[in-house]
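In what follows, a structure is listed as structure tokens, so that the remarks can point back to it.
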Amino acid sequence: MIRVVLADDQTVVRAGFRALLDLTDDLVVVAEAADGARAVELARSTRPDVVLMDIRMPRTDGLEATRRIAADPALDAVRVLVLTTYEADEYVFESLRAGAAGFLLKDIDPDDLRAAIRTVAAGRSLLAPAVTRRVIEEFTRLRAPGARAGQRLDPLTGREREVLALVGRGLSNDEIGRRLIMSPLTAKTHVSRVMTKLGARDRAQLVVVAYETGLVRAGETGEN
């Protein structure tokens with residue numbers, strides 16, 4: 001069973017998600033929180049696989065809660081999926097930087113929600129929806145990389161920078177392997193090394209780093 005914590009300040013929203021997930025054999029809601037501080041407490045006490053985290057909540061918002069969960073070594077296996085009403089919510093980009101595995105719009109189709117939860121519970125980032133990339137591009141397009149941004153890439157080899165750039169453009173391990181003439185397993189190994197060297201929690205954070213350092217720029221795609 002995939003264990004889920006629901007964090008949203010609206011009771012009706014939590015009830016809707018719970019009713020939906022309760023109809024799914026492999027998903028179970030283990031706790032509910034009405035604010036970010038409580039979500040962090042429940043993550044620590046119940047150790048769920050996934051936290052569905054609303055961004056705009058009282059007391060402690062979802063952004064700060066995501067940051068606390070991602071920074072806690074004891075919660076390394078807990079994945080956060082951010083929920084938002086707006087595609088261009090300014091906090092979505094910050095939540096990805098903070099360690100969220102991806103984000104979903106609240107009007108997501110039930111089947112897509114279930115698939116998203118299973119995806120992040122399996123340790124993968126939810127980077128497939130084009131909206132995720134649009135948000136990252138929008139909030140990096142307006143800010144040029146700082147003078148020291150490129151220094152974050154200093155630990156990487158030339159090959160690892162190539163791999164990071166392709167991750168930033170949305171390529172899978174299979175696609176990276178074909179592009180760089182290596183096996184998917186070798187590509188996966190390179191991605192893992194890049195994550196370790198950059199202290200990234202998952203591929204979502206690698207995408208953010210690729211844009212923030214200027215390695216990938218808005219408008220570039222895997223075909224570039």
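Nothing fancy with the numbering, it's 1 onward along the sequence.
- Closest approach of Leu171 to Arg203, counting heavy atoms only: O-NH2, 2.9 Å.
- In this structure the side chain of Leu164 reaches within 4.5 angstrom of the side chain of Leu198, judged on heavy atoms.
- A donor-acceptor distance shorter than 3.5 angstrom exists from the side chain of Arg161 to the backbone of Leu153, with no hydrogens or angles considered.
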Side-chain donor-acceptor pairs of residues 180-188 under 3.5 Å, sequence neighbours excluded:
residue : atom : partner : partner atom : Å
Ser183  : OG   : Thr186  : N            : 3.0
Ser183  : OG   : Thr186  : OG1          : 2.9

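- Listed by chain and residue number, nothing satisfies the salt bridge (Lys or Arg N to Asp or Glu O under 4.0 Å) test with Arg47 (two or more places apart in sequence, or in another chain).
- With sequence neighbours left out, the side chain to side chain contact (heavy atoms under 4.5 Å, CB included) criterion links Thr24 to Asp26, Leu27, Arg114, Arg118.
- Residues passing the side chain to side chain contact (heavy atoms under 4.5 Å, CB included) test with Ala33 are Ala7, Arg38, Ala39, Leu42, sequence neighbours excluded.
- Scanning for salt bridge (Lys or Arg N to Asp or Glu O under 4.0 Å) contacts around Asp35 gives Arg59, with sequence neighbours left out.
- Considering only heavy atoms from C-beta on, Val40 stays 4.5 Å or farther from Thr60 through its side chain.
- For Arg193, there are no side chain to side chain donor-acceptor pair (under 3.5 Å) partners at least two apart in sequence or on another chain.
- Every side chain to side chain contact (heavy atoms under 4.5 Å, CB included) that Val30 has, sequence neighbours left out, goes to Arg3, Val5, Val28, Thr46, Pro48.
- Evaluation of the side chain to side chain contact (heavy atoms under 4.5 Å, CB included) rule for Ala34 yields Arg14 as partners, not counting sequence neighbours.
- Residues passing the salt bridge (Lys or Arg N to Asp or Glu O under 4.0 Å) test with Asp174, sequence neighbours excluded: none.
- Pairs of residues two or more places apart, or lying in two chains, that qualify as salt bridge (Lys or Arg N to Asp or Glu O under 4.0 Å) and include a residue from residues 75-85 are Arg79-Asp202.
- Taking 4.5 Å as the limit, some side-chain heavy atom of Met53 sits within range of a side-chain heavy atom of Ile69.
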- request: Decide yes or no on side-chain contact (heavy atoms from CB on, under 4.5 Å) for Val194 and Val167, but give the supporting numbers first.
  value: CA-CA 10 Å; Val194 172; Val167 170; over 6 Å; no
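- Salt-bridge check for Glu41 with Arg44: failed, with every basic side-chain N at 4.0 Å or more from each acidic carboxylate O.
- For Arg178, the salt bridge (Lys or Arg N to Asp or Glu O under 4.0 Å) test picks out no residue, with sequence neighbours left out.
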Hey, can you pull the donor-acceptor pairs under 3.5 Å for the side chains in residues 98-107, sequence neighbours left out?
residue : atom : partner : partner atom : Å
Lys106  : NZ   : Asp8    : OD2          : 2.8
Lys106  : NZ   : Asp54   : OD1          : 3.3

